[in-house]
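What follows is one structure encoded as structure tokens, with my remarks underneath.
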Amino acid sequence: MGNAVFAMPAAQGALNILYAATEPRAERGQFIGPDRWREMRGWPSVVRPDPKATDAADAERLWALSQQLTDVQLSGADLRR
């Protein structure tokens with residue numbers, strides 16, 4: 001029941017991804033999410049990510065594990081294209 005009360009419909013939730021991918025004013029590295037209560041509902045806007053989401057050491061570990069599990073090796077240069 002809690003999710004039905006707090007979360008927004010899937011179609012509206014997809015707007016955040018669409019906004020980030022298509023909005024000409026969106027900048028690299030921005031975090032786009034809902035603009036209302038606890039970023040669980042609302043329209044796409046630039047929001048501040050949880051500090052854990054910007055931890056460089058965690059990102060390195062996740063990247064290394066992802067490459068190991070998928071057997072795909074990409075460098076940072078590959079991602080900037």
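One is the number of the first residue; the rest follow in order along the sequence.
- Remark: Arg25 CZ to Tyr19 OH distance equals 5.0 Å, nearest 0.5 Å.
- One distance of note links OG1 of Thr22 with CD1 of Ile17; it measures 11.5 Å at 0.5 Å rounding.
- Taking both residues in full, the closest heavy atoms of Ala26 and Ala20 are given as CB-O, 4.1 Å, listed atom of the first, atom of the second, then distance.
- Asp35 contributes a side-chain N or O that, together with a main-chain N or O of Trp43, makes up a donor-acceptor pair within less than 3.5 Å.
- Annotation for Pro49 and Thr54: closest pair CG-CG2, 3.8 Å, computed over non-hydrogen atoms.
- The two residues Gln67 and Gln73 have their closest heavy-atom pair at OE1-CA, 3.3 Å.
- There is no path of hydrophobic side-chain contacts, each under 4.5 Å, that joins Met8 to Trp37.
- Note that CD of Gln30 and OG of Ser45 are 10.0 Å apart. Values are rounded to the nearest 0.5 Å.
- For the atom pair CG of Asp55 and CD of Glu60, the computed distance is 10.5 Å after rounding to the nearest 0.5 Å.
- Distance check, rounded to the nearest 0.5 Å: CD of Gln12 to CZ of Arg41 gives 7.0 Å.
- More than 12 heavy atoms of other residues, nucleotides or ligands sit less than 6.0 Å from atom CG of Leu18.
- In this structure, the separation between OG1 on Thr70 and CG on Leu65 is 9.0 Å, given to the nearest 0.5 Å.
- Counting only heavy atoms from C-beta outward, the side chains of Val47 and Ile32 never approach each other to under 4.5 Å.
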